[in-house]
Amino acid sequence: MNENNLCQLQNFACVLCRRTDDYPEKYGEKKIYQDHNLTIHYYCLLMSSGIWQRGEEKEGVYGFLIEDIKKEVNRASKLKCCICKKSGASIGCVASKCKRSYHFPCGVQKQCIFQFTGNFGSFCWDHRPVQNTPSSHCTVSSKCTICLEYVEHLPTYSILGSPCCKNAWFHRDCLQVQALSAGKFFFKCPLCNNSDKFQSEMLRMGIHIPEKDASWELEENAYQELLQHYQRCDVRRCRCKEGREYNEPDSKWEIKRCQYCGSRGTHLACSSIRTWRQNWECFECRSIIYNSGDFKRPKKRSLPNTENIGITNCLLEQPSPKFSRQSPRTQNKDLLREVSMLKRDISNILRELGYQIKQKTRKLYINKENIWNSAIKGFRRRNFNPSDAIEVQFCNGNGDTDGSKHEFLSLLMGQLESSSLFEGSMSKNLSLNSEALKENLYFEAGRMIAISLVHGGPPPFLFSKTLFNCLVCGPENVEPTLEDVEDSNMMQIITKIKSSKTLTHLRSAIRDCFEYLSHIGCLRLVTVLSDKDVLVKDILTHHVIKRVQAPLDSFQQGLRTLGVLETMQKYPEAFYSVLCHKPERLTTKILSDLFTMHKLSEAQDTRAVGFWMNYLQNVESGESVVTLEDILLFATGCRSIPPVGFQPTPSIEFLHADYPVGTKYYNKLTLPITNTYKEFQENMDFAIRNALELEREKNYYTGC
């Protein structure tokens with residue numbers, strides 16, 4: 001390094017701490033004044049013991065005059081830092097009889113506390129203030145509500161407790177980052193929103209809260225999206241070939257927004273709206289108006305020209321404008337039919353949740369032979385964010401390959417369904433697994449389901465009605481049934497009590513399980529035979545709900561990821577259809593409509609498409625060794641269609657090849673061109689059957 005560069009580097013070092021670091025979050029803004037040959041960190045200046053602001057805010061360095069700064073530098077040059085042993089220690093501990101002096105960065109490194117308020121005092125590591133916390137609050141750990149990492153309930157330099165919420169603990173670094181971002185006017189307790197008490201304690205413990213507006217308020221065009229109009233067609237079946245987002249003003253493909261909420265839209269043609277001046281309401285708003293009693297039936301108007309619009313062949317967002325005379329009972333049935341259609345429309349709900357997903361992608365490296373552990377490891381990484389877009393890389397002994405997100409989520413939901421976290425054959429409840437509870441696996445299970453739903457994957461299809469109601473309505477409002485009991489011994493106890501015909505038989509049944517009933521707190525004095533119903537209810541409530549309260553709480557926390565649990569509680573009927581029921585069986589029509597076909601320009605095109613349609617019909621009728629679900633799995637990695645559909649859209653292309661190829665990453669199915677249908681069917685059956693059997697064998701031997 002030549003002398004000029006060395007001189008330049010020294011000139012750009014802080015005159016107090018002698019460091020060239022430029023970290024505004026750690027040392028404050030680095031100010032450079034070439035006219036005065038002066039470079040200084042704002043925090044180094046602010047915390048210096050021998051200088052005061054004698055000027056106005058715009059004079060010198062934020063009110064510190066240049067001549068005063070030079071005097072302070074001269075004073076500090078005579079003091080040696082007790083940490084690094086170098087000169088320039090401008091900061092001294094304010095505790096009486098303490099002679100320690102140090103640089104600001106050295107003090108931060110040694111965990112000194114600097115109070116950015118009052119006289120801007122500094123405390124060394126021996127005299128720094130501490131938080132007074134009752135010992136009863138220091139026995140457990142919880143999550144820092146800012147970074148969601150676990151933190152011990154132990155007041156140290158790096159861990160701070162909330163003065164207003166006794167069970168709220170945070171990392172110092174997390175609080176400091178939030179304070180710098182929120183500023184004085186928005187920095188408050190993340191749990192209770194207390195501002196005065198919380199800020200006072202944080203300032204005492206050395207958190208710098210700048211007197212400025214929040215960073216999100218200072219961004220240019222920060223709220224620009226609020227000025228954007230909603231432009232998307234939300235009818236159940238949009239007929240615009242250009243897509244749902246296509247909008248052509250002054251035409252039938254112009255998008256009309258809901259006159260009440262403005263957050264739903266439709267093409268004029270898709271809802272039989274003749275002109276822009278005609279009002280339109282979405283299902284949500286219409287149902288609210290119905291229930292409020294303020295609904296007014298629209299006036300009769302003529303039907304649009306149906307030559308170009310096949311009204312009977314499509315599902316309309318708005319009913320026909322012409323009403324026949326109906327009885328109140330018929331009107332109620334129509335209303336229920338419309339509301340039930342809304343309740344089943346889960347795809348729009350999940351699509352709205354999907355708006356949280358950012359363009360930033362996060363790659364997960366998944367061992368296909370150990371999906372469960374690979375997924376947990378990936379989700380628990382510090383840099384993993386559920387709102388980032390997910391990319392999957394399958395890793396195995398044969399090398400890394402780009403994986404399908406749908407295949408990964410489908411395999412993960414299959415693993416979850418067969419895991420020991422749940423019990424039951426068809427509809428499942430939470431089990432009590434102490435090892436899984438200790439490893440926080442119930443939280444991970446809830447988070448997996450939330451991520452799969454929002455990121456376009458399949459649901460688990462495993463919840464019992466009781467478990468679903470516990471999540472949506474709260475366990476205190478749920479009455480479990482005998483069908484929720486999986487344990488044969490428990491079933492025998494309950495059946496014996498329930499089937500008692502006389503009071504003597506009932507008391508005998510209670511004596512047989514006296515110890516168990518006493519242990520779970522369900523032992524009661526029975527005086528009449530009808531007391532058995534209350535006893536059975538108590539036993540069921542304990543076994544199905546109270547016994548698994550800790551797993552249920554953890555599972556609920558996981559489901560809160562990306563706001564899924566809150567949305568479930570808002571639209572319970574919609575989520576019930578996908579979480580508590582197996583998916584509708586695939587048909588030839590569903591599968592043929594699902595795939596976009598890239599046709600050939602050759603004469604064989606018609607014959608190849610005919611072979612494909614015949615093959616689907618034969619598979620549906622049971623004339624093949626594979627099923628329609630096998631075909632979908634072969635092409636996309638999923639056995640059912642996710643509630644929000646596939647992205648990218650599944651496609652088919654025909655090539656001169658011997659066997660079909662399923663490219664799951666692109667949801668693409670390549671079909672062979674053959675001379676006869678028999679050859680086509682044999683090649684399809686052979687390839688799909690062998691590919692799926694190979695996957696099953698891998699899963700069997702690896703335990704997946």
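Classification of the Trp125-Tyr102 ring pair by plane angle, with boundaries at 30° and 60°, yields tilted. A tilted orientation is assigned to the rings of Tyr27 and His41, their planes being inclined by 30° to 60°. In this structure, Phe114 and Phe104 have tilted ring planes: the angle between them lies in the 30° to 60° band. Taking the six-membered ring where tryptophan is involved, the planes of Phe120 and Phe116 are perpendicular, since the angle between them exceeds 60° and thus also 30°.
Heavy-atom neighbours of Glu476 CD from other residues, nucleotides or ligands within 6.0 Å: above the threshold of 12. By the neighbour-count criterion of 12 heavy atoms within 6.0 Å, atom NZ of Lys212 is densely surrounded, having more than that number from other residues, nucleotides or ligands. Other residues, nucleotides and ligands contribute over 12 non-hydrogen atoms within 6.0 Å of the OH atom of Tyr33. Around NZ of Lys143, the count of heavy atoms belonging to other residues, nucleotides or ligands within 6.0 Å exceeds 12. Other residues, nucleotides and ligands place more than 12 heavy atoms under 6.0 Å from the CD atom of Glu149.
Inter-residue side-chain proximity for Ser195 and Cys189 is flagged as unmet; no heavy-atom pair is nearer than 4.5 Å.
Salt bridge status for Arg560 with Glu566: present, with a side-chain N to carboxylate O gap under 4.0 Å. Between Arg547 and Glu423, at least one side-chain N (NZ, or NE/NH1/NH2) sits under 4.0 Å from a carboxylate O, which counts as a salt bridge. At a threshold of 4.0 Å, the pair Asp126-Arg100 counts as salt-bridged, since one of the basic side-chain nitrogens sits closer than that to a carboxylate oxygen. The pair Arg204-Glu201 meets the salt-bridge criterion, with a side-chain N (NZ, NE, NH1 or NH2) lying under 4.0 Å from an Asp/Glu carboxylate O.
Here Ile449 contributes atom CD1 and Leu565 contributes atom CG; the two are 11.0 Å apart, rounded to the nearest 0.5 Å. Taking OG of Ser87 as the reference point, atom NZ of Lys78 lies at 12.0 Å (rounded to 0.5 Å). Between the CG atom of Leu412 and the CD1 atom of Ile451 there is a distance of 8.5 Å, given to the nearest 0.5 Å.
Here ring-ring contact (aromatic ring centres under 6.0 Å, His included) pairs that include residues 548-567, with residues two or more places apart or in two chains, are Phe422-Phe555, Phe463-Phe555. Applying the salt bridge (Lys or Arg N to Asp or Glu O under 4.0 Å) test to residues at least two apart or on different chains, the pairs with a partner in residues 434-454 are Arg380-Glu444, Glu444-Arg447.
Under the 3.5 Å distance criterion, with hydrogens and angles disregarded, no donor-acceptor pair is assigned to the side chains of Glu29 and Tyr43.
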- Message: Using the rule given for side chain to side chain contact (heavy atoms under 4.5 Å, CB included), can you reason through Phe187 versus Met202, listing the C-alpha separation, both sets of side-chain angles and the distance that settles it, and then say yes or no?
- Response: CA-CA 10 Å; Phe187 184 58; Met202 294 303 109; 4.0 Å; yes
- Tell me, with the steps shown, if Asn440 and Tyr150 meet side chain to side chain donor-acceptor pair (under 3.5 Å). CA-CA 11 Å; Asn440 207 28; Tyr150 276 95; 3.2 Å; yes
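Applying the side-chain contact (heavy atoms from CB on, under 4.5 Å) test between Arg172 and each of Ile159, Ile113, Val177 identifies Ile113 as the sole match. Only one option out of Asp388, Ile390, Leu353, Leu350 pairs with His455 in a side-chain contact (heavy atoms from CB on, under 4.5 Å); it is Ile390.
Residues satisfying the salt bridge (Lys or Arg N to Asp or Glu O under 4.0 Å) test with Lys664, not counting sequence neighbours, are Glu407.
Distance alone, capped at 3.5 Å, places no donor-acceptor pair between the Ser374 side chain and the Ile366 backbone. Proximity of a side-chain donor or acceptor of Thr567 to a complementary backbone N or O of Gly563 within less than 3.5 Å is detected.
A cation-pi contact, defined as under 6.0 Å to the ring centre and within 45° of the axis, links Lys368 to Phe394.
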